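See below for the structure under consideration.
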Amino acid sequence: MRSRQAKLAAIGAGALLFAGFALAPAAVGAAAPPVYPAAEVHKPSPIPDRMILIPTATPATGQRVSWRAEATADTAQAQILEAPRALGQVAPAPGAVATVPAIASTPVNTTLGYASTYHTVEFTGLKPNTRYTYRVGDGTNWSAWTDFTTAADGFEPFSFIYYGDAQNYIDSAVPRVFRQAFADRPQAKAIVNAGDLIDSANSEEQWGQWFKAGGFIDGQVNNISIPGNHEYSGGLSTFWRPQFPYPDNGPGDAELKQTVYTLDYQGVRFIGLDSNVQSNAALMAAQTTWLEGLLKDNPNKWTVVTFHHPVYSTTGTRNNPNVRAQWAPLLEKYGVDLVLQGHDHSYGRGNQVAARKSATVHNGVAYVVSVSGGKMYALNGGENWTGNGAEVRSSSQNTQLYQLIDVADDTITFEARYANGEHHDGFTIRKNDKGERTVNEIRTAENTVGEQVTVDKTSVRRLEQVKVSAYGYDPGEKVAVWWREQDDDDARRGGGGRNGTLIGYEKADELGRLEETVRVPVLVKKNGTYVVYLDSQNQKITSPAITVTK
């Protein structure tokens, strides 16, 4: 009886569910609800929002935070303490919490009919490599407690994230990129934005969307942003400096204040430039002189430069000759490691052709253009690269991307991923203490075979010496050096057989280079053609044909 009642109850529930679906078309035909007004969505209150962590010029001992709230200049404040194991019912020890008044409170008139007031606090005298907990507010209305960790005083490995333009679809397509990047690198210490964070420079609605896209991440990961052309409209966005109170250590021109700045973070010198003024000769010259000074006198092993307009454009007929003419020579001369750019709403990564050392390795600057938002441009086939002595090594269009960059003592590992987390591109920069480096592509079955060994001569005599060079190895990788006849089928296929004469075994250096002098064996045929074949765990590569004349 109970079983029969249960079945009847289930049938009844199904009928009700079906009835609900049957009524659905009538509901669809009803008037759509109104759009919730942007003025209500983004309206400020006494509760702090838009919190963002801003680096100082001394990130080991200082930190800035900016936020928005309806608070007066004399009540805006923050509290900070070394991160405790618990809060809430667990009260901090007496004297553990320091209260710090805001150093700036700036109202910004908005497009939504009200003013948004931004506050900035600066924490000083902090301990290096120490985790802190802070909150901001007016003494009554507070944000949630949020943690950050100061930089180490000197080199320590760390990770950071890089985005190209967000700009469009900030409330719909961009958030998933930001969240996926943070999910992949929750330990990241900084986020670099290469301009065009929003589309309309002074849009309160768009700035609100941008901060919502980042959410809690902004309050605990240092933000290193530079303005793009969409942060300008009759001048720099009125939101920029109140939201992003960066170090005022640029060239000294008032127009470049907090859009051009630098900071050293755990062995990396970050330099932000403003390419939006490339038509202003005086401001470009000031930045160029300032840039060279920072590159010439740089105690850090690694250098990362970011600006909006690319040295080599990836899309359309775009071209930035002033940026390329004034900054690219300095970037190459002083060995900048990464140049992170935006503007072109596509992905492009490459280098100068003159820096190429092998099919998979160069020793120059790595230039990258990327996009994180939903607005897309078509690729131009790399014309702006090839027309200016450069080459594209990886490109993508109609894709949203984020970049994960891991800094170690002797390497920087760079990976670009799509919004869904899939891999797109990657490479590793190796650098020794002399400042020499190699930039190595990710290995594939196709790029680790074939003719990649260079020799100083292709016409030799018996017992003559030949200088051999090759790249792309792991540091210390063991390599067997063979002298083989060119028509050896196994050699042509890049096989691992033992045909020919074994010259010996060598090890790649710390940059994955192999440079060796090989003596032509005595038992070779006159007018015979041979190759030097290098056989290792990761590569099976050969030299061009070498002819024996005597």
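Note that this is a predicted model, so its numbers are computed, not measured. The first residue in the sequence is number 1, and the count goes up from there.
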> Please walk me through it: do T288 and Q326 pass side-chain hydrogen bond (donor to acceptor under 3.5 Å, both in side chains)?
Replying inline: CA-CA 7 Å; T288 302; Q326 296 191 50; 3.0 Å; yes
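- Using a cutoff of 4.0 Å between basic side-chain nitrogens and carboxylate oxygens, E441 and R393 are scored as salt-bridged.
- Two rings, from F216 and F182, have their centers less than 6.0 Å apart.
- Within the structure, the salt bridge (charged side-chain N to carboxylate O under 4.0 Å, His left out) test picks out the following pairs touching residues 255-272 (sequence neighbours left out): D264-R269.
- Here the closest non-hydrogen pair linking V304 and F160 is CG2-CZ, 4.1 Å.
- In this structure, A181 and I161 approach most closely via the heavy-atom pair O-CD1, 3.9 Å.
- Between R417 and E422 there is no salt bridge, since no side-chain N of the basic residue sits under 4.0 Å from a carboxylate O of the acidic one.
- With no hydrogens or angles considered, no side-chain donor-acceptor pair links D165 and S372 at under 3.5 Å.
- A salt bridge links E436 and R513; the closest N-O separation between the charged side-chain nitrogens and carboxylate oxygens is under 4.0 Å.
- When all heavy atoms of S313 and N320 are compared, the pair lying nearest together is OG-ND2, 3.4 Å.
- When all heavy atoms of E477 and S536 are compared, the pair lying nearest together is OE2-OG, 2.7 Å.
- No close placement of the F270 and Y265 rings is indicated, their centers lying 6.0 Å or farther apart.
- Nearest heavy-atom pair across Y473 and A508 is CB-CB, 3.6 Å.
- Ion pairing between a basic and an acidic side chain is recognised when a charged N comes within 4.0 Å of a carboxylate O; D474 and R443 show such pairing.
- Applying salt bridge (charged side-chain N to carboxylate O under 4.0 Å, His left out) to D410 and the options R437, K434, K301 leaves one that passes, K301.
- With respect to the salt-bridge test (charged N to carboxylate O, under 4.0 angstrom), the residues E515 and K357 do not qualify.
- Salt-bridge annotation for R318 and E383: absent, with no side-chain N of the basic residue lying under 4.0 Å from a carboxylate O of the acidic one.
- Taking each heavy atom of G164 and Q403 in turn, the nearest pair found is N-NE2, 4.5 Å.
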>> Between Y402 and Y163, does the ring-ring contact (aromatic ring centres under 6.0 Å, His included) criterion hold? Intermediate values first, please.
In response: CA-CA 5 Å; Y402 59 92; Y163 299 123; 7.3 Å; no
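- Of the possible polar contacts, one joining the S358 side chain to the T360 backbone as a donor-acceptor pair under 3.5 Å is found.
- Under the 4.0 Å criterion applied to side-chain N and carboxylate O atoms, D406 and R185 are assigned as salt-bridge partners.
- Ring geometry for F244 against F211 counts as parallel: the plane angle stays under 30°, on a 0 to 90° scale with 60° as the upper cut.
- To the nearest 0.5 Å, atoms CZ (F148) and OH (Y134) are separated by 7.5 Å.
- The aromatic rings of F178 and W210 lie perpendicular to each other, with more than 60° between the two planes, well past the 30° mark.
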